[in-house]
Amino acid sequence: MKDRIAIITGASSGIGKSTAVKLAEKGIRMILNARDEDRLKEVEEAVNKIANNDCCRIVPGDISSAGVIDLCIKECIDTWQDLPSIFLASAGRGLPGTLISSNSEEWDELIDTNVKGLMYQLKGISKNMLELSAGRDYVKNPMDIIVIGSSIGRNVSPFNPIYGATKFAAHGLTEALRRELGPSGIRVTLVEPGLVETNFQKTAGYNEDWFKNYSKEVGPVLSGDDIAKVISFMIDLPGNVHMDNISIRPTRQAYP
């Protein structure tokens with residue numbers, strides 16, 4: 001595992017940050033991306049401290065811009081003269097409201113981040129993973145592309161359908177890419193969490209009272225660390241073993 005390099009987008013908080021911490025415990029080198037440079041630097045410092053070495057580099061930037069993923073890959077090559085064998089697409093944003101009540105002026109930004117941004121990420125990393133896969137023993141040296149989706153990317157929610165639609169898109173894109181890259185020994189996995197308590201809800205503007213009440217109803221809810229533990233387990237598996245679609249919910253969350 002110490003020979004592997006990871007790129008994590010959305011690494012300044014939530015699932016991305018928790019996964020960076022978990023990978024640091026394994027001694028994995030990594031490139032971290034997020035828009036908030038100050039918070040990203042804090043994660044970099046924490047990760048290097050956990051790993052007890054200089055295992056981390058940061059590339060600040062908005063992943064909805066096509067060139068950011070290429071900068072992350074370039075940083076891998078410039079720093080460690082190698083390509084990443086782990087990629088986690090964790091960057092994303094939410095939007096409260098229904099089709100009728102949501103703010104349509106925010107639709108473009110949501111789609112740019114959650115759909116177009118994901119497409120840029122997957123296209124950029126896939127080309128490099130294919131290059132890495134040439135002549136590689138993928139069983140002993142696995143390659144992983146992991147996308148953070150959502151439980152409402154498979155279960156229609158009348159209460160949050162705009163955000164849900166972007167996660168339906170993530171589901172379709174990830175499954176299509178799995179079918180394209182699987183024959184080359186590259187694992188493409190969709191992780192679909194249910195209710196996770198991070199700063200995601202507050203940043204997106206979801207009603208805090210609703211979230212607290214729903215969390216009491218179905219909780220204890222998940223944490224970013226819960227998701228990171230599953231990702232950590234998954235990438236440890238031999239390369240011929242693929243958990244391609246993982247749904248993770250609080251035990252008491254019946255729906256969605």
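These numbers come from the heavy atoms of this one structure, side chains and all, not from hydrogens, waters or symmetry mates.
Listed by first then second residue, pairs satisfying side-chain hydrogen bond (donor to acceptor under 3.5 Å, both in side chains) with a partner in residues 169-185 read R154-H171, E175-R178, E175-R179, not counting sequence neighbours.
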| Evaluation steps, salt bridge (Lys or Arg N to Asp or Glu O under 4.0 Å), between R4 and D144 | CA-CA 10 Å; R4 301 186 74 178; D144 290 285; 2.9 Å; yes
| Stepwise, does the side-chain hydrogen bond (donor to acceptor under 3.5 Å, both in side chains) test hold for K116 with S64? | CA-CA 6 Å; K116 287 174 63 179; S64 64; over 6 Å; no
| query | Can you check side-chain hydrogen bond (donor to acceptor under 3.5 Å, both in side chains) on R249 and T251, steps first, answer last? | reply | CA-CA 6 Å; R249 289 182 176 87; T251 301; over 6 Å; no
| request: Show your reasoning for whether salt bridge (Lys or Arg N to Asp or Glu O under 4.0 Å) applies to D225 and K229. | output: CA-CA 6 Å; D225 186 60; K229 287 175 181 175; 3.5 Å; yes
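At a threshold of 4.5 Å between non-hydrogen side-chain atoms, the residues C56 and R29 do not count as touching.
Scanning both residues, S102 and I162, for their nearest heavy atoms gives OG-CG1, 3.5 Å. A pairwise comparison of heavy atoms in S151 and G194 identifies OG-CA, 3.6 Å as the closest pair.
Note on K26 versus D236: salt bridge recorded, some NZ/NE/NH1/NH2 to OD/OE distance being below 4.0 Å. Of the charged side-chain nitrogens involved, none lies within less than 4.0 Å of a carboxylate oxygen, so that E44 and K41 do not count as a salt-bridged pair.
The ring of W210 has its center no closer than 6.0 angstrom to the ring center of Y206.
Of the N and O atoms on the side chains of T9 and Q121, at least one donor lies less than 3.5 Å from an acceptor on the other residue. No side-chain donor from either of Y163 and N114 sits under 3.5 Å from a side-chain acceptor of the other.
Looking at S133, its side chain does come within 3.5 Å of a backbone N or O of L130 through a donor-acceptor pair. Distance alone, capped at 3.5 Å, places no donor-acceptor pair between the D226 side chain and the L222 backbone. Distance alone, capped at 3.5 Å, is enough to place a donor-acceptor pair between the S90 side chain and the G16 backbone.
Heavy-atom neighbours of E25 CD from other residues, nucleotides or ligands within 6.0 Å: above the threshold of 12.
Among N240, I86, L237, L181, the single residue meeting the side chain to side chain contact (heavy atoms under 4.5 Å, CB included) criterion with R187 is L237.
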